[in-house]
Visitor: 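Have a look at the structure that comes next, please.
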Amino acid sequence: MAALATPPARMGLVVIQALRKKHCGECRRGPVALLVLEDGVPRCLDCVDLGHLVFLPRGDTALTRRSREESALSAVVVRFNRRKGRYERQGVLVEEEALARAEERCLADAEVRRRRRIRDAGRRAEEDARFTDAFAAEILRLFPGCPTERARAVAAHAPVRGRGRVGRSAAGRTLSEVAVTSAVIASVRHLETPYDQLLMSGVPRHEARRRIAGVVEATLRGWREGGGRGGREGGGGEGAHPQRQKRRDSDM
């Protein structure tokens, strides 16, 4: 018998998944898919008193561990890998009742995890709502001329999770003036200028930003001074574009 990937003493009882057709050396039945070698002679599971066990394939570590914990009798199933020249685990044999109990335990854990995910999601939603309100208030403090709905739209867009938004950064979470201003600039860039069209037409990003810089600065200046709702004071310069307020937040 080839050397096992794991020492037999740690495996406990070992059952072999036959690669070739084998017959039991005791009852002569066969071919058998699973066998045990005793003194070099293959024997079927019934002859070695393991026939009542059920096979659980590898893959679910928690289910396998719990099945063996619940089962008074169990065995590791291995198969010889010719290319690697060793036996490798394929699963375990356990009592059917033990497998059922292990499955119930795993399902209970899955329910616990599901409830925890729901609680965590609710907590994050509340945190985001509070953060959005604070972010919008900070935008209006820095840019009193910014339309209120626009400020809320920018604030709602900033903290979207898992997207690399400015609101997910440490600076954004502390309502840094730089982070808040960056979010407003990004909004102006995409909604008040032809920045997107320039990028789509092949204009390099830095060049596209240079072309629309005048519009962005004029809009920000108007919002800072509190007098302009559209940020059109001071002229548009190259790259001026009609305002696109109705555009979805996801386009920012």
Side-chain angles (χ1 to χ4, degrees), residues 112-201 203-252:
V112 170
R113 289 193 295 271
R114 185 186 71 82
R115 292 177 181 177
R116 185 181 297 121
R117 286 195 297 270
I118 292 174
R119 289 196 302 270
D120 290 345
R123 176 179 52 79
R124 288 193 297 268
E126 292 176 359
E127 290 175 355
D128 281 350
R130 290 194 296 268
F131 174 73
T132 297
D133 290 342
F135 204 101
E138 184 65 8
I139 290 174
L140 294 175
R141 186 185 72 82
L142 295 173
F143 302 95
C146 177
T148 302
E149 289 305 312
R150 180 63 173 278
R152 291 200 61 82
V154 174
H157 187 69
V160 175
R161 293 179 184 271
R163 301 286 184 84
R165 307 284 192 221
V166 64
R168 282 293 158 212
S169 66
R173 275 301 180 185
T174 57
L175 296 179
S176 154
E177 182 174 336
V178 173
V180 173
T181 302
S182 295
V184 174
I185 289 174
S187 176
V188 172
R189 185 182 294 138
H190 289 292
L191 298 185
E192 262 69 34
T193 77
Y195 180 67
D196 293 353
Q197 290 90 330
L198 291 173
L199 294 181
M200 291 298 292
S201 66
V203 177
R205 179 170 58 90
H206 295 295
E207 172 61 18
R209 289 191 176 189
R210 186 193 66 79
R211 294 186 188 183
I212 64 169
V215 178
V216 173
E217 276 304 315
T219 303
L220 294 181
R221 183 168 58 253
W223 286 358
R224 285 193 184 100
E225 294 170 355
R229 285 299 180 182
R232 288 301 168 191
E233 301 85 340
E238 184 181 1
H241 190 274
Q243 189 175 9
R244 292 173 285 175
Q245 291 281 7
K246 296 183 180 180
R247 195 172 186 180
R248 294 177 60 189
D249 288 347
S250 59
D251 291 334
M252 290 184 192

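In this chain, residues are counted from 1 in sequence order.
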Visitor: Stepwise, does the side chain to side chain contact (heavy atoms under 4.5 Å, CB included) test hold for Gln197 with Met200?
Guide: CA-CA 5 Å; Gln197 290 90 330; Met200 291 298 292; 5.6 Å; no
Visitor: Taking side chain to side chain contact (heavy atoms under 4.5 Å, CB included) as the test, write out the residues that go with Arg113, two or more places apart.
Guide: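 Scan of Arg113 (side chain to side chain contact (heavy atoms under 4.5 Å, CB included), adjacent residues dropped) gives Asp109, Ala110, Arg116, Arg117.
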Visitor: Does anything in residues 140-149 form a salt bridge (Lys or Arg N to Asp or Glu O under 4.0 Å)? List the pairs, not counting sequence neighbours.
Guide: Glu138-Arg141
Visitor: What residues form a side-chain hydrogen bond (donor to acceptor under 3.5 Å, both in side chains) with Arg115, not counting sequence neighbours?
Guide: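 For Arg115, the residues satisfying side-chain hydrogen bond (donor to acceptor under 3.5 Å, both in side chains) (neighbours in sequence not counted) are Glu111.
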Visitor: How many angstroms lie between atom OG1 of Thr181 and atom CZ of Arg224, to the nearest 0.5 angstrom?
Guide: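 Taking OG1 in Thr181 and CZ in Arg224, the distance rounds to 6.0 Å.
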Visitor: May I have the step-by-step check of side chain to side chain contact (heavy atoms under 4.5 Å, CB included) for Asp133 and Arg130, ending in yes or no?
Guide: CA-CA 5 Å; Asp133 290 342; Arg130 290 194 296 268; 5.7 Å; no
Visitor: Pick out which of Leu220, Ile212, Val215 makes a side chain to side chain contact (heavy atoms under 4.5 Å, CB included) with Val188.
Guide: Leu220
Visitor: Please list, chain by chain and in numerical order, all residues satisfying side-chain hydrogen bond (donor to acceptor under 3.5 Å, both in side chains) with Arg119, sequence neighbours excluded.
Guide: none
Visitor: So which heavy atom on Cys146 is nearest to which on Leu140, and how close?
Guide: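 What the structure gives for the nearest pair is O-CD2, 3.4 Å.
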Visitor: For the atom pair CZ (Arg150) and CD (Glu192), what is the distance rounded to the nearest 0.5 Å?
Guide: 4.0 Å
Visitor: Which residues pass the side-chain hydrogen bond (donor to acceptor under 3.5 Å, both in side chains) test with Glu126, sequence neighbours left out?
Guide: none
Visitor: Suppose we screen for side chain to side chain contact (heavy atoms under 4.5 Å, CB included). Which residues come up paired with Ala208, at least two apart in sequence or across chains?
Guide: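 In terms of side chain to side chain contact (heavy atoms under 4.5 Å, CB included), with neighbours along the sequence ignored, Ala208 is linked to Tyr195, Leu198, Leu199, Val203.
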Visitor: Nearest 0.5 angstrom please: Thr219 OG1 to Arg221 CZ, how far?
Guide: 9.0 Å
Visitor: To the closest 0.5 Å, what do you measure between CG (Asp128) and CZ (Arg123)?
Guide: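 Nearest 0.5 Å value for the CG-CZ distance: 10.0 Å.
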